[in-house]
Amino acid sequence: MIDLELPLTKRTRLYRFFEILPAVMSYGMIVLLIVLSIFYPLAAAIYLLLIIMTFFIKSIGISYHTIFGHSQLVRAQKVDWHERLRDLEDPALAYDRLYATSSRAFGFEAHKDNLRLAAADPTSYPKPSELYHAVVIAAYNEGYDVIQPTVESVLASSCDSDRVIIFLAYEERGGPGIQTTALRLKEEYENKFKTFQIVMHPDGLEDELKSGKGPNITYAGYQLQRWCDANQIPYHSVIVTTLDCDNRPHPTYFDYLSYEYIVQDDRKHLSYQPIALYFGNIWDAPAPMRVIATGNSFWTIISSMRPHTLRNFAAHSQPLDALVEMGFWSKRSIVEDGHQYWRSYFYFSGNYGVVPIHVPIYQDAVMADTLGKTLIAQFKQLRRWGYGVSDIPYVAMHLFTKSRTVPFFEGFARFVRLVDSHVTLATTAILVTFGGWVPLLLNPQSKRNITAHSLPIVVSHIQQVAMVGLFITILMMLKMLPPRPERYKKRRTIGMVLQWLLMPVTSVCYSAIASFNAQTHLALGKYLDRFDVTEKATLASQERARLAKQRKS
């Protein structure tokens, strides 16, 4: 039996080597530029130009994928996925009706092919009416005004609510307030779904992190398994979606998910990844958080256009039979979403992939009750995401062994991409922003070297060309923003554009430094074993906090 869990206590020397490796590489790239600048300024200039040109080429690809990914997102949201599911109930009849028609609608020709294949071998394709959606909503101590819109968005979806199973998973350590909220939600919604269950994750269980989303949803997952057993619902008929308590799925998400699940040949060995858009409270969040949230949204759009590199992130879906077989999610990782990809990949011996779902699940930008708390919460969130670097030793130990369960070269390519993604996240923004001046500042003699002396000018020109990608991002953002609330005047839209002047600051002070912080913790063995729950404030909670502060003063 393959051991899927991360170590909780002592690591082997080899495991520690791979824990230290990413920090050594990241710091090494910065140190290398400094050393070369002092002793070999020409080599420093060439080194930096190679990094910047690589960044420039990637920027072109990012711009292309942003535009095309946005197009796919818009087109997929216009599809009547509920109607396409009805076609799969009787694929032969639907194919006879559609085979001679044509349409430029998203995936229409693929839909006809799927109907043809299902009609030829109907026993290999489950019927839409046989499927259930189990939605596990993870909560800590959030208030009713945060969680209720999430539940309501699931209810408002085009999927039949009597095929939806809700499990609200909350933490005992969240206090009595969250239990009161859970009971209130159960009372309001228990008759509106197939079932509405509330599950309290006990504090202090053995063999798991003291604080983490993974242990919470895994505990709820086992309760879901027992509920399905009691109601004689087969595991392969249940698709499980995990949501944070501020997530709001697009109305067609569950029907689109059912459709993709049905038409995939090896559906058990797949996860299904929607596009996370952090626009839920985008008009209310502070400017730095809006920049970061928009950047994160476009990153998920770009990822959806590259299925070979797509990973589980935030809200995602997986069949219950696969989850039961592999013990649900990790109880020892604070990044259980991304780590789930590697658990599944190694458990299923490489026979595993992620299917993009080109509709959004709306999430909130980071916003706490005060600006200071918001700035800190944002850093902690990005550091937690950066702690996905802890997957590097995990992957290495499952890959560089005689007992590996995946093809070596295929796994090695994934390992290299994993290492590269974390090292470049930590270093690229710093090197591109400040690197051009390092040779001149550290070695005045480099002014005599034409290449080194011209480096800041060259870097400036490349950055100016790369600004095209920024303009594309701004235009896409303006097209995707939800309607401006009436409480804000038109000048708020101008602020939405001017906020991008903060991007160099957010890139360095948040994304890069948070990644370095996470890598340093891992290298020093000071493991991040507590899930820093991102505070989820609303305008109402901010007002309550303001009034409470006034009363105290």
Side-chain angles (χ1 to χ4, degrees), residues 51-79 104 106-107 250 253 256 273-280 282-283 285 287-316 338 354-365 382 385 417 420-422 424-425 428-429 432-433 462-482 493 496-508 510-512 515:
I51 291 174
I52 292 175
M53 288 306 297
T54 301
F55 167 76
F56 178 68
I57 293 170
K58 286 183 177 180
S59 296
I60 295 174
I62 288 172
S63 298
Y64 168 78
H65 286 304
T66 299
I67 295 171
F68 192 55
H70 175 261
S71 173
Q72 295 288 82
L73 178 69
V74 171
R75 295 177 65 210
Q77 291 180 79
K78 294 179 180 179
V79 173
R104 298 184 65 181
F106 178 85
H250 187 271
Y253 173 71
Y256 187 175
Q273 183 63 53
I275 295 174
L277 295 183
Y278 293 85
F279 291 160
I282 196 72
W283 289 98
M289 282 63 259
R290 296 199 301 263
V291 173
I292 294 171
T294 304
N296 292 334
S297 299
F298 280 106
W299 176 77
T300 63
I301 291 174
I302 293 164
S303 298
S304 71
M305 303 311 299
R306 307 174 69 221
H308 66 288
T309 63
L310 190 57
R311 302 287 182 266
N312 303 102
F313 176 74
H316 60 276
V354 181
V355 176
I357 303 293
H358 297 282
V359 296
I361 286 185
Y362 293 100
Q363 305 187 36
D364 287 344
L382 293 177
W385 292 357
R417 284 197 293 266
D420 174 70
S421 66
H422 285 283
T424 56
L425 182 62
T428 299
V432 170
T433 303
I462 293 175
Q463 288 174 337
Q464 289 174 10
V465 176
M467 287 291 288
V468 174
L470 178 59
F471 291 137
I472 291 173
T473 299
I474 293 173
L475 290 174
M476 292 294 103
M477 177 206 68
L478 292 175
K479 292 180 67 175
M480 296 172 63
L481 281 177
T493 304
M496 287 288 189
V497 176
L498 295 180
Q499 70 189 21
W500 288 95
L501 295 173
L502 295 170
M503 192 177 72
V505 178
T506 59
S507 296
V508 174
Y510 274 97
S511 298
S515 296

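Positions are given from 1, in the same order as the sequence printed here. Hydrogens, waters and symmetry mates are skipped; everything else that's a heavy atom, side chains included, is used. Keep in mind the model is a prediction, meaning the values are calculated, not measured.
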Look up atom [atom1] in [X] and atom [atom2] in [Y], then write down how far apart they are to the nearest 0.5 Å.
{"X": "Met289", "Y": "Ile282", "atom1": "CE", "atom2": "CD1", "answer": "10.5 Å"}
{"X": "Leu73", "Y": "Lys78", "atom1": "CG", "atom2": "NZ", "answer": "11.0 Å"}
{"X": "Ile361", "Y": "Tyr278", "atom1": "CD1", "atom2": "OH", "answer": "10.5 Å"}
{"X": "Met305", "Y": "Ile67", "atom1": "CE", "atom2": "CD1", "answer": "11.5 Å"}
{"X": "Leu382", "Y": "Ser515", "atom1": "CG", "atom2": "OG", "answer": "7.5 Å"}
{"X": "Leu498", "Y": "Thr493", "atom1": "CG", "atom2": "OG1", "answer": "11.0 Å"}

[X] versus [Y], closest heavy-atom pair with distance:
{"X": "Gln499", "Y": "Ala287", "answer": "CB-CB, 4.2 Å"}
{"X": "Leu277", "Y": "Pro360", "answer": "CD1-CB, 3.5 Å"}
{"X": "Ala429", "Y": "Val508", "answer": "O-CG2, 4.0 Å"}
{"X": "Ser304", "Y": "Ile275", "answer": "OG-CD1, 3.8 Å"}
{"X": "Met496", "Y": "Met477", "answer": "O-CE, 3.5 Å"}
{"X": "Tyr253", "Y": "Pro274", "answer": "CE1-CB, 3.4 Å"}

Kindly say whether [Y] contributes a backbone atom to a donor-acceptor pair with the side chain of [X] at under 3.5 angstrom?
{"X": "His65", "Y": "Ser63", "result": "no"}
{"X": "Trp283", "Y": "Pro482", "result": "yes"}
{"X": "Gln273", "Y": "Ala315", "result": "yes"}
{"X": "Thr300", "Y": "Ala276", "result": "yes"}
{"X": "Arg75", "Y": "Arg104", "result": "yes"}
{"X": "Thr424", "Y": "Ser421", "result": "yes"}

**Report entry** Criterion ring pair (Phe, Tyr, Trp, His ring centres under 6.0 Å) against Trp385, the qualifying member of Phe313, Tyr510, Trp299
**Finding:**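 When ring pair (Phe, Tyr, Trp, His ring centres under 6.0 Å) is applied between Trp385 and each of Phe313, Tyr510, Trp299, only Phe313 qualifies.
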Query raised in the report: Are Ser507 and Thr433 close enough that some pair of their side-chain heavy atoms sits under 4.5 Å apart?
Result: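 Heavy-atom side-chain distance check fails, nothing below 4.5 Å.
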Query raised in the report: So which of Val74, Leu475, Ile301 actually passes side-chain contact (heavy atoms from CB on, under 4.5 Å) with Met480?
Result: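 The single option meeting the side-chain contact (heavy atoms from CB on, under 4.5 Å) with Met480 is Ile301.
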Query raised in the report: Given the rule in the side chain to side chain contact (heavy atoms under 4.5 Å, CB included) test, do Tyr256 and Val79 qualify, once you have shown the distances and angles that lead to the verdict?
Result: CA-CA 9 Å; Tyr256 187 175; Val79 173; over 6 Å; no
